[in-house]
2 protein chains.
Amino acid sequence: MRHDSPTFSPLYRQIKNLMLNALESGEWRPGQAIPSEQELAIRFSVSQGTVRKAIDEMAAENLLVRKQGKGTYVASHNDPRALFRFLRLVPMDGDLAHPQSVPLDCWKAKAGNEAARMLGIELGAPVTILRRLLRFAGKPVVVDEIYLPGEIFQGLTMEVLQGSHGSLYSLFESRFGVRMIRAEERIRAVAADRMTSETLNVAEGTPLLSVERVTYTYGDRPVEWRRGLYLTADHYYLNELN
Amino acid sequence: MRHDSPTFSPLYRQIKNLMLNALESGEWRPGQAIPSEQELAIRFSVSQGTVRKAIDEMAAENLLVRKQGKGTYVASHNDPRALFRFLRLVPMDGDLAHPQSVPLDCWKAKAGNEAARMLGIELGAPVTILRRLLRFAGKPVVVDEIYLPGEIFQGLTMEVLQGSHGSLYSLFESRFGVRMIRAEERIRAVAADRMTSETLNVAEGTPLLSVERVTYTYGDRPVEWRRGLYLTADHYYLNELN
DNA sequence: GAGTGGTCTAGACCACGGC
DNA sequence: CCGTGGTCTAGACCACTCC
């Protein structure tokens with residue numbers, strides 16, 4: 001019998017979708033182990049090889065992490081290895097000390113034209129805006145302005161930010177149940193304006209990297225829009241092309 | 001019997017290495033089809049599944065391209081889809097016209113300190129230096145200065161460059177048998193100097209993206225070092241974080 | 001030793017491209 | 001219709017982790 005359906009999708013991909021649902025619904029939480037391949041094979045009534053292929057894809061997408069001899073785990077931004085997955089800025093003298101995040105400001109507003117388009121929300125819908133500074137070895141290097149859909153990030157305040165210690169995405173994951181899984185960055189070179197130059201302690205007009213990022217969660221839903229200005233005197237943005 | 005060897009490598013990876021040799025030696029050439037999975041299984045005396053897993057990895061690394069129903073092919077920079085694999089600059093108004101490469105200058109020199117380090121060659125070894133301009137829709141947007149090991153790229157002259165029509169990497173592949181498979185880019189923001197500002201037709205001091213790239217061929221051997229200056233008034237550098 | 005993921009095999013069948 | 005890659009299965013055995 002031929003299979004003429006134009007929407008054909010192989011079994012392992014259907015299994016993958018079921019597993020994505022388990023992640024999205026919160027049945028399996030970041031940091032926790034998911035059931036063993038054998039258990040999943042029984043649960044979904046397929047062979048272990050088919051489950052395996054589904055997990056393979058999800059591991060390649062950084063959704064799951066396999067650990068031989070232990071099990072398969074839901075990826076988490078609490079994992080320190082995840083920090084530099086989204087922050088590609090590297091010190092020129094390989095000083096790998098973690099940057100320090102300093103919240104500058106946090107307020108609520110209504111989505112403007114651009115924010116609404118980027119976040120896929122209504123014009124005028126509530127957004128939370130956050131400004132923060134990143135210090136490397138004490139020196140200010142990055143200023144970020146971050147737009148978040150107000151509905152999802154209710155209760156995000158300066159107090160919450162100041163009480164948090166890991167990365168922002170780690171906080172978003174733990175406190176708001178939002179896991180960032182993919183992002184697009186648009187990079188340009190700009191001159192530092194007055195305000196930014198003061199924050200970064202450089203001359204006005206200094207060339208800076210402008211990094212606009214849209215970040216997506218499960219189902220390719222955009223949940224963050226941010227613009228970062230990077231001082232690249234002692235750092236560079238590292239990108240691997242494969 | 002336990003396998004205590006610390007250098008254990010699974011069968012499919014050994015097969016992969018054999019196949020990498022076939023690529024490196026030129027037995028299989030860019031654009032051509034490699035033998036079928038069944039033939040390879042017989043040739044290497046393993047099951048088809050094991051060959052499959054080797055090919056899977058190489059396809060994921062963009063070394064091979066699978067085409068269902070036809071066969072598996074050696075990836076080639078002649079393939080138009082390969083163009084934007086290494087050029088991440090995108091027009092702000094989605095104008096997808098291919099950029100035009102204009103060679104400006106080409107001369108031979110001896111490797112300085114930095115070039116020698118980046119290319120992994122001796123200080124003073126011969127290098128070929130190439131300057132070229134990239135135009136998008138007629139407008140100058142990128143100036144590149146490209147350092148190539150002279151030994152590998154013997155016979156690269158302005159005439160050769162002007163007579164070539166595809167991408168540079170396409171030329172390198174066809175004419176010099178050098179296939180670029182991976183690159184690292186270090187990106188910073190800089191101010192346009194006098195010469196660059198004239199070439200790009202902008203004011204001196206205009207912020208530009210400085211993109212330093214080291215490109216590697218088989219066996220992680222560096223074979224190109226280049227510095228590009230990108231005008232990001234009407235374009236941006238697009239990076240996908242996964 | 002028990003349990004997990006990782007490898008390898010052999011065979012059946014499906015989807016696709018081209019003759 | 002054939003040959004190609006793509007999927008799915010069932011089972012054996014290996015490597016790693018933890019108790």
When the ring planes of Phe172(B) and Phe153(B) are compared, do they come out parallel, tilted or perpendicular, using 30° and 60° as the limits?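 Taking Phe153(B) first and then Phe172(B), their aromatic rings stand perpendicular (interplane angle over 60°).
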Charged N to carboxylate O under 4.0 angstrom, [X] versus [Y]?
X         : Y         : value
Glu27(A)  : Arg43(A)  : yes
Arg66(A)  : Asp56(A)  : yes
Glu61(B)  : Arg182(B) : no
Glu212(B) : Arg188(B) : no

Contacts under 3.5 Å, N or O only, protein and nucleotides 6-10 of chain D:
residue	atom	partner	partner atom	Å
dG6(D)	OP2	Arg52(B)	NH1	3.4
dG6(D)	OP2	Arg52(B)	NH2	2.9
dG6(D)	OP2	Arg66(B)	NE	2.7
dG6(D)	OP2	Arg66(B)	NH2	3.1
dT7(D)	OP1	Tyr12(A)	OH	3.0
dT7(D)	OP2	Lys53(A)	NZ	2.8
dC8(D)	OP1	Leu11(A)	N	2.2
dC8(D)	OP2	Leu11(A)	N	3.3
dC8(D)	OP2	Tyr12(A)	N	3.0
dT9(D)	OP2	Ser47(A)	N	2.9
dT9(D)	OP2	Ser47(A)	OG	2.9
dT9(D)	OP2	Thr50(A)	OG1	2.3

Can you find a side chain N or O atom of Lys70(B) that sits less than 4.0 Å from OP1 or OP2 on dG18(C)?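 Checking dG18(C) against Lys70(B), a side-chain N or O does come within under 4.0 Å of OP1 or OP2.
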Please compare Pro35(B) and Gly69(A) by the position of their nearest nucleotide in DNA chain D and report the one closer to 5'. Pro35(B)
Atom CD1 of Ile42(B) and atom P of dG3(D): how far apart are they, to the nearest Å? 13 Å
